[in-house]
Participant: 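Handing you a structure now.
To find a chain, count down the sequence lines: A is the first, B the second, and so on, and within it residues start at 1. What you see is a predicted model, and the numbers here were worked out from it, not measured in a lab.
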There are 2 protein chains.
Amino acid sequence: MSVSFPRPPAARSTRLRRASDVPAATVGRLPLYHRALESLLDQGIHTVSSQRLAELSGVTSAQLRKDLSFLGSFGTRGVGYQVAYLHSRIAEWIGAGSDLDVVIVGIGNLGHALASYRGLAERGFRVIALIDIDPSRVGLSVGVGEGTLRIRPLADLPEVARLAQIGVIATPDAAAQSVCDRLVEAGIRNILTFAPGVLTVPGGVEVRRVDVGLELQILAFRERQQRAVSA
Amino acid sequence: MSVSFPRPPAARSTRLRRASDVPAATVGRLPLYHRALESLLDQGIHTVSSQRLAELSGVTSAQLRKDLSFLGSFGTRGVGYQVAYLHSRIAEWIGAGSDLDVVIVGIGNLGHALASYRGLAERGFRVIALIDIDPSRVGLSVGVGEGTLRIRPLADLPEVARLAQIGVIATPDAAAQSVCDRLVEAGIRNILTFAPGVLTVPGGVEVRRVDVGLELQILAFRERQQRAVSA
DNA sequence: TAGATTGTTAATCGATTAACAATC
DNA sequence: TAGATTGTTAATCGATTAACAATC
């Protein structure tokens with residue numbers, strides 16, 4: 001026999017929701033909404049429903065409303081959302097505008113592409129230094145945003161890392177862990193790596209990995225799966 | 001009052017598990033295990049426990065064993081896994097070795113980096129064509145794997161897409177949807193895009209997006225969150 | 001046999017979807 | 001008021017973690 005107690009009423013907090021309450025999955029979608037709202041702004045559209053905004057963002061309207069509900073209540077029932085207002089509120093949450101400094105280590109083809117990628121500046125990131133171990137590359141100029149940056153030697157890493165908030169690792173896999181260690185030692189707490197290997201970091205350091213090979217492998221898996229089904 | 005019936009014994013199937021039964025999250029981790037096993041092979045290590053392999057892959061041992069259980073039963077209780085055997089079985093599942101053909105559209109800095117990325121060939125992908133709309137780029141040679149490929153005009157897209165299983169979109173955002181449509185029309189069912197915008201595709205077409213800006217924004221969000229906590 | 005480690009089951013956790021009362 | 005659409009709750013789904021019986 002079990003006895004069920006009546007639940008106490010859910011605590012109602014009036015203060016702003018803390019960032020840590022927002023689910024990771026929601027955080028990952030905020031930039032999608034932000035971008036969709038941007039495009040509506042450009043078109044001079046003032047109001048949008050969750051239905052339409054969800055469509056533009058590639059999610060369901062239920063999910064969009066749920067996601068927004070973690071941030072607060074920004075719409076008007078029966079009407080929808082003010083595009084400019086919602087855009088600015090989301091911008092606030094994802095921190096667009098308040099620039100963060102980035103150092104890129106490993107300036108091969110990929111590092112080069114990253115350094116000259118316009119999307120970074122647009123989203124509030126400033127590439128402040130490029131580092132490479134190869135002496136034949138050190139000193140070369142690479143176009144970054146408006147200006148250019150000179151590639152600096154590995155020895156400069158601690159110095160520049162101390163000025164940055166985010167480290168990007170675009171080296172071969174073999175060098176990634178050692179570069180990672182140096183970044184962490186210099187106080188970097190956020191790392192984006194393009195090397196396929198798993199990085200070991202102390203607690204409190206956030207690592208995200210982008211692995212093109214892995215993405216393709218997942219597609220390949222699905223491709224074979226479909227073939228198997230149709231065969 | 002509720003009455004509980006005894007469960008029938010779980011159905012025991014002898015046939016191989018179908019790929020569609022493997023959870024997406026598991027599929028995404030198989031390449032990690034594969035890579036970790038590869039490195040053990042290189043070191044001449046013959047046997048490994050779920051504990052150690054999990055550590056090398058950056059997951060928990062429970063998760064590793066659970067993941068493997070979807071594929072079958074490959075270890076020996078009290079002993080662990082034979083590295084070479086497990087490696088070959090996972091290779092089979094993720095389809096490493098059976099080459100798939102890739103066409104890359106948009107050969108700017110990023111497309112260039114992708115085309116010359118060794119990791120692709122290593123994982124069983126063959127880049128068979130490079131396409132760009134810019135006449136000043138068409139005809140240029142780009143090193144791909146062992147050899148080189150000439151950049152071909154957009155007009156060639158339908159022709160080459162018919163020979164490929166995977167399309168990679170590395171164009172600016174504005175061109176992505178139109179390129180995507182042409183790829184799909186040519187019969188491509190698997191697309192990897194680097195453009196931040198959401199792509200609309202018919203059912204049955206799988207799209208994966210790699211968005212460096214988004215990854216950085218998520219890191220930035222966490223960075224600000226930590227600052228807010230410590231402030 | 002005793003110790004080790006798998007494969008699997010059950011419990012937990014988190015994210016998505018569906019539905020609808022609130023309200024413009 | 002009637003129609004529309006949000007914000008929220010409850011139900012569902014899927015993935016992770018913990019624990020342990022099976023077994024080498």
Participant: Is the distance from OP1 or OP2 of C:dC24 to the nearest side-chain N or O of A:Y81 less than 4.0 Å?
Facilitator: no
Participant: Do A:D67 and A:Y33 meet the criterion of a side-chain donor-acceptor pair at a distance under 3.5 Å?
Facilitator: yes
Participant: Let me know the distance between CG of B:L64 and P of C:dT6, rounded to the nearest Å.
Facilitator: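 Result: 8 Å.
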Participant: What is the separation between atom NZ on A:K66 and atom P on C:dG14, rounded to the nearest whole Å?
Facilitator: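 Between P of C:dG14 and NZ of A:K66: 14 Å.
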Participant: Regarding A:N190 and B:E223, is there a side-chain donor-to-acceptor distance under 3.5 Å anywhere?
Facilitator: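 Side chains of A:N190 and B:E223: pair found under 3.5 Å.
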Participant: Taking pairing as Watson-Crick or G-U wobble with both contacts under 3.5 Å, can you name the mate of D:dA10, or confirm there isn't one?
Facilitator: C:dT17
Participant: Measure the distance from CD on B:Q82 to P on D:dC24 and round it to the nearest whole Å.
Facilitator: 14 Å
Participant: Establish, from distance only, whether the side-chain atoms of A:R209 and A:T193 form a donor-acceptor pair under 3.5 Å.
Facilitator: no
Participant: From C-beta outward on A:R77, which listed nucleotide comes closest to its side chain: C:dT6, D:dT5, C:dT9?
Facilitator: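 From the listed options, D:dT5 comes nearest.
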Participant: Looking only at side-chain atoms of B:S49, point me to the closest of C:dT6, D:dA15, C:dA15.
Facilitator: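 Closest nucleotide to the B:S49 side chain: C:dT6.
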Participant: How long is the span from the CG atom in A:L53 to the OG atom in A:S61, to the nearest 0.5 Å?
Facilitator: 10.0 Å
Participant: B:R65 has a side chain; which of D:dA18, C:dG7, D:dT9 sits nearest to it?
Facilitator: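 Nearest to the side-chain atoms of B:R65, counting from C-beta on, is C:dG7.
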Participant: Rounding to an integer number of Å, can you tell me how far B:L53 CG sits from C:dT6 C1'?
Facilitator: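 Distance, rounded to whole Å: 13 Å.
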Participant: Check every strand shown and say whether B:S61 touches a base, only sugar-phosphate, or nothing at a heavy-atom separation below 4.0 Å.
Facilitator: nothing
Participant: Just the rounded figure in Å: distance from C1' of C:dG7 to CG of B:L71.
Facilitator: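 Interatomic distance, CG of B:L71 to C1' of C:dG7: 13 Å.
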Participant: By the 4.0 Å heavy-atom rule, please label A:R52 as base, sugar-phosphate, or nothing.
Facilitator: nothing
Participant: Using OP1 and OP2 only, check whether a side-chain N or O of A:S50 sits under 4.0 Å from D:dT6.
Facilitator: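 So the side chain of A:S50 is within the cut-off, an N or O lying under 4.0 Å from OP1 or OP2 of D:dT6.
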Participant: With respect to the side chain of A:T76, which nucleotide from C:dT9, C:dC24, C:dG7 is positioned closest?
Facilitator: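 Minimum distance to the A:T76 side chain belongs to C:dC24.
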Participant: Less than 4.0 Å between a side-chain N and a carboxylate O, is that true for A:E92 and A:R89?
Facilitator: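 A salt bridge is present here (some side-chain N lies under 4.0 Å from a carboxylate O).
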Participant: Tell me whether the side-chain N/O atoms of A:T60 come closer than 4.0 Å to OP1 or OP2 in C:dT17.
Facilitator: yes
Participant: Which base, if any, makes a Watson-Crick or G-U wobble pair with C:dT23, both distances under 3.5 Å?
Facilitator: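 Looking at the geometry, C:dT23 pairs with D:dA4.
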Participant: Once you round it to whole Å, what is the distance between C1' of C:dT9 and CZ of B:F70?
Facilitator: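 Going from CZ in B:F70 over to C1' in C:dT9 covers 12 Å.
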Participant: Just the rounded figure in Å: distance from P of D:dA19 to CD of B:Q63.
Facilitator: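 Distance, rounded to whole Å: 16 Å.
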Participant: What's the CG-P distance between A:D67 and D:dT6, to the nearest Å?
Facilitator: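 So the two atoms are 14 Å apart, to the nearest Å.
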